[in-house]
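For reference, the structure is listed below as structure tokens.
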Amino acid sequence: MPTVGEEQKKPPILELGDVRLRPLSTRDAPALLAYLSDPRVIEHTSIPIATPESVAAAVARDMAAYREGSSFRLALASSDDRLIGICGFNTWSSVHRHAELAYELAPDYWGRGYMRAAVLALLRWGFSDLSLNRVHAFVMTTNARSIQLLKRCGFTREGTLRQYRIARGLPKDFHVFALLAQDFACNKAGASPNQSLDPTAGRRTERLKDEL
């Protein structure tokens with residue numbers, strides 16, 4: 001729940017060319033279940049094994065969180081409005097002006113630069129509309145794709161939390177990455193120098209071939 005005095009915000013709709021970030025809806029549950037059932041998606045995360053019931057409950061919680069203003073997990077949708085991933089803030093605090101970034105993407109869309117475009121758009125919204133000073137992310141130390149994405153979006157690794165989360169019964173180590181508003185402002189793209197913001201750049205540029 002938001003802390004006392006925390007101003008309630010509404011989830012945004014962010015257009016990103018042929019994809020967009022928008023609020024989740026109950027109709028997204030089947031597509032979410034489909035890609036969360038792929039072992040490649042959850043292998044290097046603490047996401048539990050998905051069931052129709054657990055996914056429906058998760059979507060309902062996220063939609064309730066919009067009303068409460070406690071988190072902003074958004075649907076990443078294709079041009080036909082089909083859910084292909086999630087990108088958002090699991091938690092945010094106006095008092096401390098920080099938020100936790102989290103994301104996942106259906107494997108059919110890996111390597112196209114969509115998630116990088118989504119993360120950068122979300123960061124711009126968070127640092128402006130939410131007045132965030134810091135965004136952090138927790139990533140399993142074996143999750144090479146996610147680590148690379150965070151670095152390309154300008155995040156800095158701050159340390160490693162040993163056995164920080166239980167991943168399907170096993171304790172796993174997680175790195176902590178963070179990005180400050182002042183660092184994001186230094187680069188208009190909020191990313192490393194010479195990195196294109198074109199969501200399709202991953203199809204044309206060798207340096208983006210492994211990014212989400």
Side-chain angles (χ1 to χ4, degrees), residues 1-16 19-25 28 32 35-36 41-42 45-48 55 57-77 83-106 114-140 143 145-147 149-158 161 164-165 174-185 189-191 199 212:
M1 295 290 292
T3 57
V4 175
E6 201 162 20
E7 181 184 356
Q8 187 166 342
K9 300 287 184 180
K10 293 182 179 180
I13 296 176
L14 304 175
E15 299 292 342
L16 305 169
V19 296
R20 66 174 179 158
L21 286 170
R22 60 160 174 78
L24 282 160
S25 77
D28 294 319
L32 180 57
Y35 78 69
L36 287 182
V41 175
I42 67 172
T45 75
S46 58
I47 298 173
V55 168
V59 170
R61 284 195 301 271
D62 288 336
M63 293 174 64
Y66 298 156
R67 296 188 293 272
E68 297 165 359
S70 57
S71 69
F72 299 99
R73 285 169 50 80
L74 303 174
L76 180 60
L83 177 84
I84 63 172
I86 286 179
C87 179
F89 297 131
N90 280 349
T91 59
W92 80 283
S93 168
S94 66
V95 173
H96 301 292
R97 295 174 59 199
H98 62 58
E100 179 192 348
L101 172 70
Y103 46 79
E104 71 237 7
L105 186 65
Y114 289 142
M115 188 54 73
R116 180 171 172 269
V119 167
L120 291 174
L122 184 75
L123 290 172
R124 285 191 288 272
W125 176 73
F127 286 127
S128 59
D129 288 40
L130 294 185
S131 299
L132 294 174
N133 179 60
R134 169 189 168 95
V135 174
H136 47 258
F138 304 98
V139 56
M140 193 178 290
N143 195 338
R145 281 181 173 272
S146 187
I147 290 170
L149 173 64
L150 290 170
K151 289 180 177 178
R152 284 173 169 156
C153 289
F155 283 73
T156 298
R157 198 181 95 184
E158 296 185 328
L161 302 173
Y164 177 62
R165 288 178 176 167
F174 279 71
H175 292 317
V176 184
F177 281 83
L179 178 64
L180 301 182
Q182 63 191 41
D183 298 326
F184 188 79
L212 287 174

So, using side-chain contact (heavy atoms from CB on, under 4.5 Å) as the criterion, who are the partners of [X] when residues are at least two apart?
X    : value
A60  : none
I47  : L36, I42, T45, E104
Y164 : F138, L161, F174

Inter-residue atom distance [X].[atom1] - [Y].[atom2], 0.5 Å rounding:
X    : Y    : atom1 : atom2 : value
L130 : S128 : CG    : OG    : 7.5 Å
S70  : N90  : OG    : CG    : 10.5 Å
L132 : L180 : CG    : CG    : 11.0 Å
K9   : F89  : NZ    : CZ    : 12.5 Å
Y35  : I84  : OH    : CD1   : 9.0 Å
I86  : L32  : CD1   : CG    : 4.5 Å

Worksheet item: Among all residues two or more places apart in sequence or in another chain, which pass the salt bridge (charged side-chain N to carboxylate O under 4.0 Å, His left out) test with R157?
Response: none

Discussion item. Among residues at least two apart in sequence or on other chains, which ones pass salt bridge (charged side-chain N to carboxylate O under 4.0 Å, His left out) with R134?
Written reply: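 Per chain and number, R134 pairs via salt bridge (charged side-chain N to carboxylate O under 4.0 Å, His left out) with E158.
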
Close side-chain approach of [X] to [Y], heavy-atom, < 4.5 Å:
X    : Y    : value
L101 : L150 : yes
I13  : P23  : yes
L83  : L24  : yes
L76  : Y103 : no
L123 : F155 : yes

Among all residues two or more places apart in sequence or in another chain, which pass the side chain to side chain donor-acceptor pair (under 3.5 Å) test with [X]?
X    : answer
S25  : R27
N143 : none
R20  : D81
R165 : E100

Practice prompt. May I ask you to decide if the ring planes of F72 and W92 are parallel, tilted or perpendicular, using 30° and 60° as cut-offs?
Written response: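 Taking W92 first and then F72, their aromatic rings sit tilted (interplane angle of 30° to 60°).
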
Discussion item. So, using ring pair (Phe, Tyr, Trp, His ring centres under 6.0 Å) as the criterion, who are the partners of H98 when residues are at least two apart?
Written reply: H96, H136

Item to complete: Identify, with sequence neighbours excluded, every residue that meets ring pair (Phe, Tyr, Trp, His ring centres under 6.0 Å) alongside F127.
Response: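 For F127, the residues satisfying ring pair (Phe, Tyr, Trp, His ring centres under 6.0 Å) (neighbours in sequence not counted) are F184.
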
Worksheet, complete the sentence: Closest non-hydrogen atoms of L179 and G154, given as atom of the first, atom of the second and distance, are CD1-O, 3.3 Å

Discussion item. Tell me the closest heavy-atom pair linking W125 and K10, and the distance in Å.
Written reply: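 For W125 versus K10, the nearest heavy atoms are CZ2-O, 3.7 Å.
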
Discussion item. Using a 3.5 Å distance criterion without hydrogens, assess whether the side chain of S71 forms a donor-acceptor pair with backbone atoms of R73.
Written reply: no

Worksheet item: What's the verdict on side chain to side chain contact (heavy atoms under 4.5 Å, CB included) for D28 and M63, showing C-alpha distance, side-chain angles and the deciding distance?
Response: CA-CA 11 Å; D28 294 319; M63 293 174 64; over 6 Å; no

Discussion item. Enumerate the salt bridge (charged side-chain N to carboxylate O under 4.0 Å, His left out) contacts for residues 88-98, please, sequence neighbours excluded, ordered by first and then second residue.
Written reply: none

Worksheet item: With P12, which of D129, L21, L74 fulfils side-chain contact (heavy atoms from CB on, under 4.5 Å)?
Response: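 Between P12 and the candidates, side-chain contact (heavy atoms from CB on, under 4.5 Å) is satisfied uniquely by L74.
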
